[in-house]
Amino acid sequence: MLASALAAGLWMGPPLLYGPRVEVMAVVRRDFVQSVVASGADQTLMVTGLFDLGSKPANQRTTFVALRTAQSLLGLVGGVSSLEVKVKDIYAAETVAQRITAATGVEADSWIATNAQFFTAVQAQKTSNTTIRFFVGLSVAFGIASVLVVSVVQKSREIGILRAMGISRGQVLRVFLLQGGLLGLLGSFGGAGIGLMALLLWQRYALNPDGTPLFPLAVEPGLFVASLLLATLTGLAAAFAPALRAARLDPVVAIRG
């Protein structure tokens, strides 16, 4: 058994089985250990690899052994207690379970069915995150729009002079749209930078007692790029109404104030 290959999903040997908790005191490869299951059966096994499931409690209660070894320890000659199937899309587990039951007649339970409360909590968290992001984006849009409205009011005389000098409405419109887009882009740069620093600090100082991260966080460049684009588009959308108002200003009225 090559546990590191199992952890990476690359094990190509005989079928394997999750057994009940096995007491293993050694953590060094090639050591021989006396494994004892709840029924009292014991067997001497050799540690051939170490794996990390990303959770200390899961690491402490999980052991991989060859199928025949597990059958011998549990007294299940030629049988298994359960089979576990890994799917690419974790949220399609229920559909896959139903297909397995329909094709084989074997009872198949998905993690969604067996962990209904957890799944409901995950769905609620996703919904709340989406709602929070929506209202954050809305507040950003209103902030940019208010800044540009004030700018249009304060610069009305200058806009009127430019219009009298021959600047077209389209050019005035583009100036304020550009301003709104830049406000969104620069704001998103600042926010992304602060978020990245907070993420790096979290990974450095939020650690388990054994020195491993409290929970792994991945820095995804695509997410930062998407946030920059979304913030820029939000700035452009928020700037449209003030820019349109500025473009429609009558030069004479604007100059007179």
Side-chain angles (χ1 to χ4, degrees), residues 89-92 117-207 213-257:
D89 182 4
I90 60 174
Y91 296 107
Q117 288 185 329
F118 174 75
F119 184 72
T120 302
V122 170
Q123 290 294 100
Q125 185 180 29
K126 289 176 63 178
T127 302
S128 62
N129 286 343
T130 302
T131 304
I132 291 171
R133 285 195 292 265
F134 172 76
F135 282 106
V136 168
L138 195 62
S139 64
V140 168
F142 277 117
I144 293 175
S146 63
V147 169
L148 292 180
V149 167
V150 172
S151 178
V152 170
V153 173
Q154 291 179 341
K155 303 295 183 181
S156 294
R157 187 181 299 273
E158 288 81 355
I159 294 171
I161 293 173
L162 290 174
R163 292 279 290 116
M165 294 174 60
I167 298 297
S168 66
R169 293 181 182 226
Q171 289 174 314
V172 175
L173 183 69
R174 286 193 292 272
V175 166
F176 281 92
L177 287 177
L178 179 62
Q179 184 178 355
L182 287 176
L183 283 174
L185 180 62
L186 295 176
S188 63
F189 263 118
I194 294 174
L196 180 59
M197 289 179 60
L199 179 61
L200 295 176
L201 289 173
W202 175 271
Q203 289 182 326
R204 181 176 179 86
Y205 296 108
L207 302 175
L214 194 59
F215 52 85
L217 296 173
V219 178
E220 299 180 6
L223 184 60
F224 285 94
V225 174
S227 65
L228 295 178
L229 292 176
L230 182 60
T232 303
L233 292 175
T234 301
L236 289 173
F240 183 76
L244 192 61
R245 178 181 176 182
R248 289 178 176 177
L249 282 176
D250 184 89
V252 176
V253 175
I255 293 173
R256 287 180 178 177

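The basis for the numbers below is simple: all heavy atoms, side chains too, and nothing from hydrogens, waters or symmetry mates.
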Can you measure from [atom1] ([X]) to [atom2] ([Y]) and round to the nearest 0.5 angstrom?
X    : Y    : atom1 : atom2 : answer
E220 : L199 : CD    : CG    : 10.0 Å
T127 : I132 : OG1   : CD1   : 11.0 Å
L186 : F189 : CG    : CZ    : 8.0 Å
L230 : R133 : CG    : CZ    : 10.0 Å
I144 : S151 : CD1   : OG    : 13.0 Å
L236 : L182 : CG    : CG    : 9.0 Å

Minimum heavy-atom distance [X]-[Y], with the two atoms named:
X    : Y    : answer
V152 : I159 : O-CD1, 4.3 Å
S188 : S227 : CB-O, 4.2 Å
P242 : A239 : CD-O, 3.4 Å
R163 : P251 : CB-CG, 3.6 Å
A238 : A141 : CB-O, 3.2 Å
G180 : L148 : CA-CD1, 3.9 Å

Any donor-acceptor pair under 3.5 Å from Q203 side chain to L200 backbone:
no
Examine distances only and state if a side-chain atom of T232 and a backbone atom of L228 form a donor-acceptor pair shorter than 3.5 Å. yes
Do the non-hydrogen side-chain atoms of [X] and [Y] ever get within less than 4.5 Å of each other?
X    : Y    : answer
N129 : Q125 : yes
Q123 : Y91  : yes
R245 : V149 : yes

request  = Given side-chain contact (heavy atoms from CB on, under 4.5 Å), test F224 with V219 step by step and report yes or no.
outcome  = CA-CA 9 Å; F224 285 94; V219 178; 3.8 Å; yes
**Prompt:** Going through the checks in order, is the side-chain contact (heavy atoms from CB on, under 4.5 Å) test met by I167 and V172?
**Reply:** CA-CA 7 Å; I167 298 297; V172 175; 3.9 Å; yes
